[in-house]
Amino acid sequence: MISQISQQPLAARVAEELLGRIRAGEWPLGHRLPGETTLAAQLGVGRSSLREAIRELAGKGVLTSRQGAGVFVTALDVEQGLEDVVRDAEVTAVIEARIAVETEAAHLAATRRTAADIRLLRKTLEVREASRDSVEAYVDTDTEFHRAVIAAAHNPVLGELFDTFVPRIRQAMIAMLKAQPKPAATDPSGHGGLIEAIVARDADLARTLSRAHLTELLTNFTAR
């Protein structure tokens, strides 16, 4: 029977219970679930909640309803999307992914940047440098700087990937910076140098500077 302790909506809890039973092998791939009345009684829930749970799992590809035949198992687990993978990943793994994405973005930015991109890069760096009194603001404005580099690459896929990483890493960066002294007033991480490499269309240098900064960030997290 479904526990009443969880604060999740009942249908979501029913879906979790069903998925747990499928994962445990109670209903193999291709197997027909018990009838609605029987299954609702087993779970201790109403038929409407059960139907909603089945619809949820059907939407995720785990179950399928066949008119006149019943509900069948079509997958043994929910396939994770990129956001799920990132949310569950270690912070260091996310930073490693950022290195792959952002170093290529910096390289592309140096070959594709426009005058508007350069203005945005300079503006976001200026705002970043003025936000050092608040760790949260500093992390957010630093994120905007890196997003501006990605934007200058003019590749929407890289932008989507970057935005997927941000929620997972934001709180970890805030916690790390709060445990350290206030960031220096200069730009030791080379953000200004990265802008100048992009302005000069020096793609190799832009890639090198981006990698150096993010590798330093990875080292800081690894050393914790």
Side-chain angles (χ1 to χ4, degrees), residues 60 77-114 116-132 134-180 182-184 187-198 203-224:
K60 295 178 178 178
D77 206 342
V78 175
E79 184 176 345
Q80 283 191 311
L82 180 58
E83 290 183 358
D84 299 314
V85 173
V86 171
R87 185 184 62 245
D88 295 339
E90 295 290 335
V91 171
T92 51
V94 178
I95 297 173
E96 289 172 350
R98 278 191 63 183
I99 291 173
V101 168
E102 293 190 53
T103 55
E104 183 60 24
H107 184 273
L108 290 173
T111 64
R112 298 176 177 177
R113 93 293 186 281
T114 65
D117 292 328
I118 297 302
R119 288 194 295 271
L120 180 60
L121 284 166
R122 295 197 190 282
K123 180 61 178 178
T124 54
L125 182 58
E126 179 184 330
V127 174
R128 174 184 182 271
E129 295 302 301
S131 302
R132 293 178 178 271
S134 165
V135 170
E136 289 84 356
Y138 184 71
V139 169
D140 289 340
T141 55
D142 180 70
T143 298
E144 288 308 307
F145 172 83
H146 287 274
R147 185 177 280 111
V149 174
I150 298 279
H154 295 278
N155 182 318
V157 176
L158 294 177
E160 288 289 335
L161 289 171
F162 178 80
D163 285 341
T164 302
F165 301 150
V166 171
R168 178 66 183 92
I169 203 170
R170 181 179 183 272
Q171 290 302 323
M173 289 189 65
I174 289 172
M176 181 187 72
L177 289 177
K178 283 186 173 179
Q180 295 178 349
K182 181 180 175 182
D187 184 32
S189 299
H191 292 66
L194 177 56
I195 291 178
E196 296 313 312
I198 293 172
D204 289 338
L205 179 58
R207 176 188 280 155
T208 297
L209 291 174
S210 178
R211 179 175 294 279
H213 163 60
L214 291 168
T215 300
E216 179 185 359
L217 178 63
L218 177 61
T219 300
N220 289 340
F221 269 101
T222 304
R224 294 175 67 193

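FYI, the numbering just counts along the sequence from 1. Source: prediction; values computed, not measured.
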Can you pull the salt bridge (Lys or Arg N to Asp or Glu O under 4.0 Å) pairs that have at least one residue in residues 147-158, sequence neighbours excluded? Glu144-Arg147, Arg147-Asp163
d(Thr92 OG1, Leu218 CG) to nearest 0.5 Å is 6.5 Å
Close side-chain approach of Glu136 and Arg170, heavy atoms under 4.5 Å: yes
Could you go through Asn220 and Met176, starting from their C-alpha distance and side-chain angles, then the distance that decides it, and tell me whether this counts as side-chain contact (heavy atoms from CB on, under 4.5 Å)? CA-CA 9 Å; Asn220 289 340; Met176 181 187 72; 3.9 Å; yes
First locate atom CG of Leu120, then atom CG of Leu125, and finally report the distance between them rounded to the nearest 0.5 Å. 11.0 Å
Compare all side-chain heavy atoms of Ile95 with those of Phe165 and state whether any distance is below 4.5 angstrom. no
For the pair Asp140 (side chain) and Ala137 (backbone), establish whether a donor and an acceptor sit closer than 3.5 Å, ignoring hydrogens and angles. no
Using side-chain heavy atoms (C-beta onward) and a distance below 4.5 Å, is Arg98 in contact with Thr103? no
Are side-chain heavy atoms of His213 and Leu209 found at a separation under 4.5 Å? no
At what distance, to the nearest 0.5 angstrom, does NE2 of His107 lie from CG of Asp204? 5.0 Å
Criterion side-chain contact (heavy atoms from CB on, under 4.5 Å) on Glu196 and Leu205, from CA distance to verdict: CA-CA 10 Å; Glu196 296 313 312; Leu205 179 58; over 6 Å; no
First locate atom NZ of Lys123, then atom CZ of Phe145, and finally report the distance between them rounded to the nearest 0.5 Å. 14.5 Å
Is a donor on one side and an acceptor on the other found under 3.5 Å between the side chain of Ser210 and the backbone of Arg207? no
Is Ile174 close to Tyr138 at the side-chain level, that is, under 4.5 Å between some pair of heavy atoms? no
List the atom of Ala203, the atom of Ala110, and the distance in Å for their closest heavy-atom pair. CA-CB, 3.5 Å
Do Ile150 and Val101 have side chains that get closer than 4.5 Å, going by heavy atoms? yes
Nearest non-hydrogen partners of Leu194 and Ala106, listed with the distance: CD1-CB, 4.1 Å
Do the side chains of Leu158 and Leu108 get nearer than 4.5 Å, heavy atoms only? yes
Please round to the nearest 0.5 Å and tell me the distance separating atom CG of Leu217 and atom CD of Glu96. 11.5 Å
Working to the nearest 0.5 angstrom, can you tell me the gap between Asp117 CG and Ile195 CD1? 11.5 Å
Would Met173 and Asp142 count as a side-chain contact (heavy atoms from CB on, under 4.5 Å) here? Give the steps. CA-CA 11 Å; Met173 289 189 65; Asp142 180 70; 4.3 Å; yes
Beyond-backbone contact of Thr124 with His146, side-chain heavy atoms, under 4.5 angstrom: no
Using modelled atom types and a 3.5 Å cut-off, is there a donor and acceptor pairing between side-chain atoms of Arg113 and backbone atoms of Ile198? yes
